[in-house]
2 protein chains.
Amino acid sequence: MDSVQQLKEFAARAEALDAADPLAHVRERFLLPEGVVYLDGNSLGALPAAVPEALTDAVHRQWGTDLIRSWNDNDWWNAPLRVGDAVGALIGAAPGQTVAGDSTSVQLYNALVAAVRLRPGRSLLLTDPDHFPTDQYIADSVARLLGVEVRRVPAREARSVLAAEGFDVAVAAYAPVDYRTGEAYDMAALTSATHEAGALMLWDLCHAAGALPVQLDAIEADFAVGCGYKYLSGGPGAPAFLYVAERHQSSFDQPLTGWHGHADPFGMHGTYTPAPGIARARISTPPLLSLLALEAALTAYDGVEMAAVHEKSLALTGFFQECADVLLDGFGFTAATPREPERRGSQVALRHPEAYPLVAALVARGVIGDMRAPDLLRFGVNALYVSYGDVLDCVRQLHEIVSTGEHREPRFQKRSTVT
Amino acid sequence: MDSVQQLKEFAARAEALDAADPLAHVRERFLLPEGVVYLDGNSLGALPAAVPEALTDAVHRQWGTDLIRSWNDNDWWNAPLRVGDAVGALIGAAPGQTVAGDSTSVQLYNALVAAVRLRPGRSLLLTDPDHFPTDQYIADSVARLLGVEVRRVPAREARSVLAAEGFDVAVAAYAPVDYRTGEAYDMAALTSATHEAGALMLWDLCHAAGALPVQLDAIEADFAVGCGYKYLSGGPGAPAFLYVAERHQSSFDQPLTGWHGHADPFGMHGTYTPAPGIARARISTPPLLSLLALEAALTAYDGVEMAAVHEKSLALTGFFQECADVLLDGFGFTAATPREPERRGSQVALRHPEAYPLVAALVARGVIGDMRAPDLLRFGVNALYVSYGDVLDCVRQLHEIVSTGEHREPRFQKRSTVT
């Protein structure tokens, strides 16, 4: 079968899949630019249509007109808990266990210190050598401060290390999805193995929240953090979130003891008494414009079940892999993302020695993915707004670029600036 | 002289002062609601006119259209340093020493840990028992983690304690303005006394940045933090800032080692190597919508000298005190703010046993100040948009309320919600 015929068949399949997609209408909840195929929602989600109006209200009415009174009148005070619960609903957390605010790094730091303090006498902090850099840096920093040791164990080996040396592990800190390859891990199994060792489990959900059917309560996770700007589409640098299982809240002993986490914040006391419940995990005044944008963004999930999002996500990534197998065959790509649906996050990563110029050439054509050094092309799918047609378009254009050598033009070669 | 005649005379003076005010035109750079006298800019600054347009651009063009490309194309990457320098220009900091992002509590924590680490072997962290609560809580938390002791010494006694026991002080952490009384302290003298003891000086500028002519470089301050949402008018929960004097940057050893502070952030290395310069004080992805709002807000200072802001601020607070002395005499108020200009921040605080209902009655009339338990009425003046007429209006209405007993109406009595 020649490639023209193959393309025709894939196009017919994409059309049929899009026509039958029960989430197709959700795409209208996003303001996607014309002529762009956006496959970088795993890095920065697209703009939800509800955000601009919410921000205009936040700026003109709440800030500009109501001014300081908005803390009461527009309930700014409870926004971190309100938005936390809205995120919680997407990650299997019952209300009262999730707070929104600050960055993932800050939330992670707070949670890791508190977690290690809950396991005195244990000297190991287990984390993944392939974890996102911040997670490793923060783990090292916390370990240095608290006098424990970071042991880097790949996710797939963590269970056996826990079985052998778990008695000395205070906390295991992992992500359910490898941010580079998109490989997904069994959250329930690792959480269970961690608990069997008497240790605590902290999940970084940056690449899972809003895309995978995370079930924090059901798997009895202890702590979780994640950002608001990837699949949750809360905007650039949207506030992160922190989940503290209810059973740990009364003993959650965080280092970032800001006044918003105080039991009586407006009493202006000189010493810290933590608030009851998840409120103690608040730090201080959150960036409200960003937080209210995130709150509006989350309404894109109204009436959408995470199971349906996950089903479509797997169908999209599976279709991507099929198209890539056929259309990119013989051009030097290798698959980095597992084929088995249960081992796949909401992205497809391909390896190619010319990853940088290939991604640059795609971007110039309006197909936006990203790359991670040295050789990964990453394509995230957000099932809320990515179509099967988008996926095929991406692979088709990548095929055109690599088969014509378009990516070897000087304008696509690596510059020294950030990517 | 009866009170009608007194009011007439004050009104004539206010009119003359406003007519001669060289900063009067700057008020047009703010969108103040009709019928409101806003004297709470020390808690949440008013909305600068430049913000809505900047946010619309940030949302629709930068996020919605340029999407992930904005990190390069709209220079999101450098925003924390760019906005940091813009704040730095208002606090006497040469470029390359200030970074914007996160909250004051987080910046303070990072700076305090780094500061204590720079003075190994010294066991005391000096701070003010009247410091804003977060500052005390964070100092206690840092001390506990690093094994040092917090000694609470009032600002006015700090110099003598430093002279006597300074050899054991690692860091002195103070504010140049008492957030309740508005009393201002001599930053140069305390910084100098701290250095003579071999200790490091950390200033919390929340109630000074944008209002007082802070000169961090000139007084050789070591570290400073502050928020973006009071006098700087960056919006609710606007990102905070951190100043690290250039001489300390290469040894600044912070606990919040996020990937944005790495020397090669996109190299995605597994261990942390801090960036050179102030960039190492970055943590991770900042809340860009809030950060870009702050950046736009700071343009309200374009062409405005901090000396002129301070001069008008002192004239406004002095006029407030004069009006209050005459119009509120005999109604149970006592002055909490010093009379001497050099001991006065940009606010006037009055004590009254009925502070809560008095402020509530004022707010109901559109005169917005705030109160701090148990008995303080606080009125902040932002010289960029507060007029002498505003100040008189506030005192005149407070006089009407207290003299008629309006504040004793049930609707003004304390509720259990936050204020």
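Below, chains carry the letters A, B, ... as their sequence lines are ordered, and counting in each starts from 1. No hydrogens, no waters, no symmetry mates; every other heavy atom, side chains included, goes into these values.
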Checking [X] against chain A: side chain, backbone, both or neither under 4.5 Å from a heavy atom?
{"X": "B:L291", "result": "neither"}
{"X": "B:R61", "result": "neither"}
{"X": "B:V36", "result": "side chain"}

* Quick one: do B:R144 and A:D253 satisfy salt bridge (Lys or Arg N to Asp or Glu O under 4.0 Å)? Show the steps, please. => CA-CA 12 Å; B:R144 172 183 167 200; A:D253 182 9; 2.4 Å; yes

* Is it the side chain or the backbone of A:T273 that comes within 4.5 Å of chain B heavy atoms, both, or neither? -> neither

* Structure fact -> Whatever's closer than 4.5 Å to a heavy atom in chain B on A:L55 counts as side chain

Could you check whether any side-chain heavy atom of [X] comes within less than 4.5 Å of a side-chain heavy atom of [Y], counting everything from C-beta outward?
{"X": "A:T271", "Y": "B:R152", "result": "yes"}
{"X": "A:Y109", "Y": "B:T257", "result": "no"}
{"X": "B:P33", "Y": "A:L67", "result": "yes"}
{"X": "B:T104", "Y": "A:W259", "result": "no"}
{"X": "B:P133", "Y": "A:H269", "result": "no"}
{"X": "B:P236", "Y": "A:T285", "result": "no"}
{"X": "A:V59", "Y": "B:L47", "result": "yes"}

* Greatest number of heavy atom pairs closer than 4.5 Å to chain B - which of A:G235, A:A58, A:A373 -> A:G235

* To do: Examine the side chains of A:T134 and B:S284 and answer whether a donor and an acceptor come within less than 3.5 Å of each other.
  => no

* Pick one: which of A:V142, A:L145, A:I138, A:V113 meets side-chain contact (heavy atoms from CB on, under 4.5 Å) with B:P255? -> A:L145

* Given A:M268, which of B:R372, B:Q136, B:R180 fulfils the side-chain contact (heavy atoms from CB on, under 4.5 Å) condition? -> B:R372

* Asked: Once the angle between the rings of A:H262 and B:Y137 is folded into 0 to 90°, is it parallel (under 30°), tilted (30 to 60°) or perpendicular (over 60°)?
  -> parallel

* To do: Look at B:S70, B:P129, B:C227, B:G234 and state which one has the largest set of heavy-atom pairs under 4.5 Å with chain A.
  => B:G234

* Go through A:Y272 and B:D140 one step at a time and tell me if the side-chain contact (heavy atoms from CB on, under 4.5 Å) criterion holds. => CA-CA 9 Å; A:Y272 190 73; B:D140 284 336; 6.0 Å; no

What is the distance from atom [atom1] of [X] to atom [atom2] of [Y], rounded to the nearest 0.5 Å?
{"X": "B:L39", "Y": "A:I68", "atom1": "CG", "atom2": "CD1", "value": "12.5 Å"}
{"X": "A:H260", "Y": "B:S103", "atom1": "NE2", "atom2": "OG", "value": "9.0 Å"}
{"X": "A:Y229", "Y": "B:L289", "atom1": "OH", "atom2": "CG", "value": "13.0 Å"}

* Non-hydrogen atoms of A:S290 and B:P287 that approach each other most closely -> OG-CB, 3.4 Å

